[in-house]
Structures are given as structure tokens and as C-alpha cells.
Visitor: 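Handing you this structure, nothing more for now.
What you see is a predicted model, and the numbers here were worked out from it, not measured in a lab.
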There are 4 protein chains.
Amino acid sequence: MRVPEFAPQPSQVLYVAVADHVAARIASGDLKVGARLPAERDLAVEYGVSYVTMRRATAVLRERGLIVTVHGRGTFVAESPPAETIEDA
Amino acid sequence: MRVPEFAPQPSQVLYVAVADHVAARIASGDLKVGARLPAERDLAVEYGVSYVTMRRATAVLRERGLIVTVHGRGTFVAESPPAETIEDA
Amino acid sequence: MRVPEFAPQPSQVLYVAVADHVAARIASGDLKVGARLPAERDLAVEYGVSYVTMRRATAVLRERGLIVTVHGRGTFVAESPPAETIEDA
Amino acid sequence: MRVPEFAPQPSQVLYVAVADHVAARIASGDLKVGARLPAERDLAVEYGVSYVTMRRATAVLRERGLIVTVHGRGTFVAESPPAETIEDA
DNA sequence: GTGGTCTAGACCACA
DNA sequence: GTGGTCTAGACCACT
């Protein structure tokens, strides 16, 4: 997975930074395809952020196609994460 | 204020039994008018029931006019609990 | 502007309902192209919702291309609102 | 702009004067250790200064170690205000 | 017991 | 003085 040189430091925006960190866990195989992530509330505690901030982070990951969310079920690592997570312009 | 006679032998339906117990707390002044009840999740833990059961119980109390619920704010003891707590059929 | 038959009543989701109402004000000419909307905080008060809910509403309008937002300046009615506000599938 | 009679000969720089006044309130025990200060916007109104000026004032107090700020929570009187409130140059 | 929405109100970045 | 982010914690919808 390619990491852009123009973004060496994590985002200054907290929910993006959290999203990036989870994305890295997925990319590294720590979170495997199809696996269920911890509950958003638990992730919020794990990252030391509020539930709302964690929700924004997962929203980012959803938009990136890295996770899929099912109401009442959980959030799961998406089947085929798109290569163009960062558009390769 | 009158406490319902049906309390001595509580309802066999769990969420009604829980609702009755909360109603008794309101009637006894343990929960005063205008006071905010504990969060539904906390009440569920307190009564040792599932969240869904607790939600049904609060729905019953809402129908009885004993509490009012405000999304995102909480549930509160209603101003003037109606005399016909049990519908006057 | 076409209104889908499958959505006769306003959205049950509050921020969408608010967004729809603002959209209607734009469509009706109440809010003209290029005009600045009231501050989001004022709109929140006007609609009787929290600031966060209003922000979600404006986010919806932004996604629909109906408004543009400038940090520190305000939010404005977009130049050419797209015809396919509701995709005509 | 001249203002405060409240300090003997206050700083000519407005935001420093405001910071000094808040510092005096902390020193006098009016604002106790661990207490939350009023919101920055409220302080701005209270002192009759702009929000930016108030932000500069709180920045000064932060640098002096008199207050700590938590995003989304508030600003609080620091635990142990250093003796060298004015840097010992 | 999960994700989804909402409230109230704080600080932050910008023009 | 605007929009942007964040906190803390509530109720709602769904499985």
C-alpha cells in the first residue's frame, strides 16, 4: 500500500488521524478482511476519543471503502479495499 | 397518592413489572417531578434487564403519562401524573 | 422540481428534514442564488435544533450542491443547483 | 484603547491586561484550582473584548501555566501555578 | 448490544 | 463572528 510523501505526519484533524490509524491496522493485516471491528464505543475508548469522533472516523473509512457497516450487527473490514484509497493523481 | 393494588403481585410481564416499579418510585417521591431519570441503559443495568426490555418499560410509562422523553436530553418525570394511571375502563 | 412519490412525508431523520426545508426555501426563491444564509448557529435556533444537527443538515445541502460554504465567511446559495437533486432513477 | 481601572497600571496591550486580570482572579482564589473558567466566548463578553482578543489572553495564561485547556471540555485552573508567573528575566 | 441520531456546549481556525 | 472540530452522554432503530 502506497503512502503519499506529502502526508508524512498524521492529520491534524483528530477523526482523520484515528481513521488513518485504523486504516493502517487493516493494511497491515492486523484487522483481516471480513473481520468484525470492535464496537464503535469500544474503539472510541481504545483511541481515547469521544463516540462522535469515532463515528466520524468510521464514516471516513466507509467513504474510503475500507469498511462496511451493518446497523445492529457491527462494522466489518471490506472485501476488496480499493487500491486508490488515496487517489493516485 | 395512591399506589396501584396490582403491585402486590407484580405483572408476569417483565417490562410491565419494571414499569410498575419505576412508577412506584415516582409515586413515592423517590423520583420527583421534573427530575431526570437515569439513562435507559443505566436503568437496564440497575434492573438487570435487557436494554430492549427497559425501553419497553419506559414506553409503558410514557403511555401512562408518567414520564416525558426528549431525544438526546433524557427522560423526565412528567409534571402532572394523571389520576387514571391505569386506564379507567 | 420533481418530488418522488415514495417520499410523500418529510424525512424521519431530523437533519434531513431540516435540509429539505432549507432546500425548499432555496427552490422557492426565498433564498436567492449567491445570497448568504444566516449563520449556522442562527439557523439552528431558527429550526429549534442543536448546532450539530444543523451542521449535518448543511452538510447534506453541500453534498447536494445547493450551497457552498467558506470557512470564516459564511454559507451561500450555490450558483447552479443541479437538477438531479433527487436522482431520477 | 484604554480600559481597566481594575489593575494599578495595566498593560497597554489589551489581551495582556485581560490575561492579568484573570490571573489576579486565580491568585485571589476567586477561581479555584481545578475549577472551569467560563467559556471563552462568555469571557469575551464579560470583558467586553473580541473573541480573538480573549483567545490571545487565554493563550497567555496557558503559556504562564495558570490554566489548562481541553478541546471540547473547557479551560481549567491549573493544579500548581508556578511561582514565576511573570517570567523571572 | 450493535450502529444511528440528537442535545448542549465547549475550544479551534479563519477572514 | 463565521464555519470547523470535539466532548460527554442521552435516546432511537435494529439484530
Visitor: Polar pairs (N or O, both sides) under 3.5 Å between protein and nucleotides 12-15 of chain F?
Guide:
residue : atom : partner : partner atom : Å
F/dC12  : OP2  : B/R55   : NH1          : 2.0
F/dC12  : N4   : B/R41   : NH1          : 3.1
F/dC12  : N4   : B/Y51   : OH           : 3.1
F/dA13  : N3   : A/H71   : NE2          : 2.8

Visitor: Listed by chain and number, what are the ring pair (Phe, Tyr, Trp, His ring centres under 6.0 Å) partners of A/Y47, not counting sequence neighbours?
Guide: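 With sequence neighbours excluded, A/Y47 shows a ring pair (Phe, Tyr, Trp, His ring centres under 6.0 Å) to A/H21, given in chain and number order.
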
Visitor: What pairs of residues pass the ring pair (Phe, Tyr, Trp, His ring centres under 6.0 Å) test when at least one of them lies in residues 51-70 of chain D, not counting sequence neighbours?
Guide: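 The answer is none; no pair qualifies.
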
Visitor: To the nearest 0.5 Å, what is the distance between CG (A/L37) and CG (A/L66)?
Guide: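 With rounding to 0.5 Å, CG (A/L37) is 10.5 Å from CG (A/L66).
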
Visitor: Do any pairs count as a salt bridge (Lys or Arg N to Asp or Glu O under 4.0 Å) and have a residue in residues 36-50 of chain A, sequence neighbours left out, and if so which ones?
Guide: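 Sorted result for residues 36-50 of chain A: A/R25-A/E46, A/E40-A/R55.
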
Visitor: Please check the phosphate of E/dG9 (OP1 and OP2 only) for any side-chain N or O of C/S50 closer than 4.0 Å.
Guide: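 Indeed not, no polar side-chain atom of C/S50 lies that close.
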
Visitor: Scan the side chains in residues 69-77 of chain B for donor-acceptor partners under 3.5 Å anywhere in the protein, sequence neighbours excluded, and list what turns up.
Guide:
residue : atom : partner : partner atom : Å
B/T69   : OG1  : B/R62   : NH1          : 2.7

Visitor: Can you list the residues that meet the side chain to side chain contact (heavy atoms under 4.5 Å, CB included) rule with D/V52, with sequence neighbours excluded?
Guide: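 Expected list: D/S50, D/R56.
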
Visitor: Could you say whether C/R36 or A/L14 is positioned toward the 5' end of DNA chain F, judged by the nucleotide with the nearest heavy atom to each?
Guide: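 Looking at DNA chain F, the more 5' nearest nucleotide goes with C/R36.
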
Visitor: Do any pairs count as a side chain to side chain donor-acceptor pair (under 3.5 Å) and have a residue in residues 10-19 of chain A, sequence neighbours left out, and if so which ones?
Guide: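 Side chain to side chain donor-acceptor pair (under 3.5 Å) check on residues 10-19 of chain A returns no pairs.
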
Visitor: For B/E63, give me all partners under salt bridge (charged side-chain N to carboxylate O under 4.0 Å, His left out), at least two apart in sequence or on another chain.
Guide: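 Salt bridge (charged side-chain N to carboxylate O under 4.0 Å, His left out) list for B/E63, sorted by chain: empty.
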
Visitor: Runs of at least three consecutive Watson-Crick or G-U pairs, both distances under 3.5 Å, are what I'm after; which ones involve DNA chain F?
Guide: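 In DNA chain F, stems of three or more pairs: E:1-14 with F:1-14.
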
